[in-house]
Trainee: 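I'd like to ask you about the structure that follows.
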Amino acid sequence: MLCFNVFFFNLYIVVINASSLLNIDDFLNLNPNSTTSLLTLFNMTRCVETENSKLTLNIITDFYKNMPIKWRVQKHTFYDSGYEFNNLIVTLPHYNEYDYEDTVFQFPKCNAIGLANDLILAVHYDTIANIPSFVGAIDSAASIAILLFISLQISEDSNELRRKNLKIIFFDGEEAFGKWSESDSLYGSRELAKIYNENGLINKIDLLVLLDLLGGVQSRDSKSHTIFNYFPETTDYYKQLLSIENDIYQSTQISLLDPQMSNVNIMISDDHVPFRKLGVKCVHLIPLPFPAFWHTIDDDFEHLDINIIKHISSVLLKFSKKFVAFKKIYI
Ligand SMILES: *[C@@H]1O[C@H](CO)[C@@H](O)[C@H](O)[C@H]1NC(C)=O
Ligand SMILES: *[C@@H]1O[C@H](CO)[C@@H](O)[C@H](O)[C@H]1NC(C)=O
Ligand SMILES: [Zn+2]
C-alpha cells in the first residue's frame, strides 16, 4: 500500500502539470486504476504518528508545490498528550507571489498576506485508530479530495488579484484516541485556534467552512441525509450555497442542502468548534443523520457516491470563487 502510493504520486505530478487538459471526471473518480484520481490517493489509513499519516501530508504538500500558482505551505507540528500532531496550512494569498519558501509554522510571515482577510476551508485528515484498516472514506478522504480539486481549479483560474486569502487547513488529531471528550478530540483545531487567537489573527478569518462526513452513498430514503443550516450567524452564506445548488440542480439532480432552512438546534462537536468559540463565523458542511456506516469498517471507498462528491465540489468551488475573487473576474 505504502509503496504503491508513493509510486502513484510521482505519476501524479505529471498529471497536475497537464491539468488544464483534464476535467472533473479525471480528478474525481473511483476507478482504482485511475492515474489522475484525487480520491483514490487517500484510500488508506491515516492514523496519528504513522507512516501513512506522513505520506498523506507529503502527497498534499507535493500537490500544492506543483500548482500552477504558488501556494504557501506551512506545516504546524505540536505535541499533546504524548503524541506528535501535524496540521497543514496552505494559503493562496490575495495576490500572487512567486518567491515563497516552505515555512515551518510561524505567524505572520508575510505582511502582504496580512492585508486581506481569510476564507478558510478545512478538513481533518487523520483516521480513528481503534478500527484496524479503517480508511475513513467519508471521514474524511472524500472531503480532502474535494478541497484539492477546488484548490487546483481556483489556482488555474486566474492570475489576477483576489479579495481574500484562500486558506485550506488539513487538521490532524480530530478523532479521539479513547472515548470522545473535550480533552480527547479536536487536537489540531484546538491548538491552531489558540495560536490564531494569541497572534491576534482570529478576526482576520471572515469565514471557516468545515467539511466532514461528506460523499457517502445516500440511504434509500434520499431525504435522510441533509446538510442543514446549523448556525444563524451564517445563514446568508448558507443561502448562497443553496442558490448555487439550485442553479446546478438541472445538471446534477442532487440536492443536499435544506431549502426550508429548518432550525436545527444541535451541537455537533467538530473542528469548527474551537474557532467558533472565539467568534469565527462557521459553516459546517456535515450531513444529518450521520451515515449509518460512520465509524465502522464499512466507511470505505465502496460506500462513496462519486456524483455527490462532484456535486459538492461544484457548489463549493462556485461559492469559494465568489468569496475570494473580484467581481470583475468571475461574474
Ligand atoms: C481501496 O483499497 C481497497 C483495499 O486495498 C481496494 O480493494 C479498493 O479497490 C480500493 N478502492 C479504490 C476506489 O481505490
Ligand atoms: C484495473 O486493472 C486491472 C488490471 O489491469 C483490471 O483487471 C481491472 O479490470 C481494472 N479495473 C477497472 C475498474 O478498470
Ligand atoms: Zn470520525
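Computed over heavy atoms, backbone and side chain alike; hydrogens, waters and symmetry mates excluded. These numbers come from a predicted model, not from an experiment. First listed ligand is number 1; within each ligand, the first listed atom is number 1.
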Trainee: Among the N/O/S atoms of D139, select the one at the shortest distance from the Zn ion (ligand 3) and name it.
Mentor: OD2
Trainee: Using a cut-off of 6.0 Å, state whether more than 12 heavy atoms not belonging to K310 lie near its atom NZ.
Mentor: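 For K310, atom NZ is crowded (more than 12 foreign heavy atoms under 6.0 Å).
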Trainee: Could you check whether atom 7 (O) of ligand 2 has a protein contact, counting only heavy atoms that fall below 4.0 angstrom?
Mentor: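 Flag for atom 7 (O) of ligand 2 set to false, no protein heavy atom closer than 4.0 Å.
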Trainee: Compute the shortest N/O to N/O distance between N43 and ligand 1 and return yes if it is under 3.5 Å, no if not.
Mentor: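 So ligand 1 has an N or O lying under 3.5 Å from an N or O of N43.
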Trainee: Do me a favour and list the nearest non-hydrogen protein atom to atom 4 (C) of ligand 2 with residue, atom name and distance?
Mentor: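 It is N33 ND2, 4.6 Å.
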Trainee: Is the distance between the ring centroids of F78 and H76 under 6.0 Å?
Mentor: yes
Trainee: Strictly under 6.0 Å, is that where the ring centroids of F177 and Y83 end up?
Mentor: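 Centroid separation for F177 and Y83: below 6.0 Å.
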Trainee: Closer than 2.8 Å to the Zn ion (ligand 3), do we get an N, O or S atom from H295, backbone or side chain?
Mentor: yes
Trainee: For atom 2 (O) of ligand 2, is some protein heavy-atom partner under 4.0 Å away?
Mentor: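 It does: a protein heavy atom is found less than 4.0 Å away from atom 2 (O) of ligand 2.
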Trainee: Less than 6.0 Å separating the ring centroids of Y125 and F170?
Mentor: no
Trainee: Is the closest basic N to carboxylate O distance between R276 and E233 below 4.0 Å?
Mentor: yes
Trainee: For the rings on H272 and F231, is their centre-to-centre separation under 6.0 Å?
Mentor: yes
Trainee: In E175, what N, O or S atom is nearest to the Zn ion (ligand 3), if we give its atom name?
Mentor: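 Atom name returned: OE2.
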Trainee: Will you find, in the side chains of D258 and T226, an N or O donor that is under 3.5 Å from an N or O acceptor?
Mentor: no
Trainee: Are any of the protein's heavy atoms under 4.0 angstrom from atom 11 (N) of ligand 2, yes or no?
Mentor: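 True for atom 11 (N) of ligand 2.
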Trainee: Got the closest protein heavy atom to atom 13 (C) of ligand 2, with its distance?
Mentor: N31 OD1, 3.5 Å
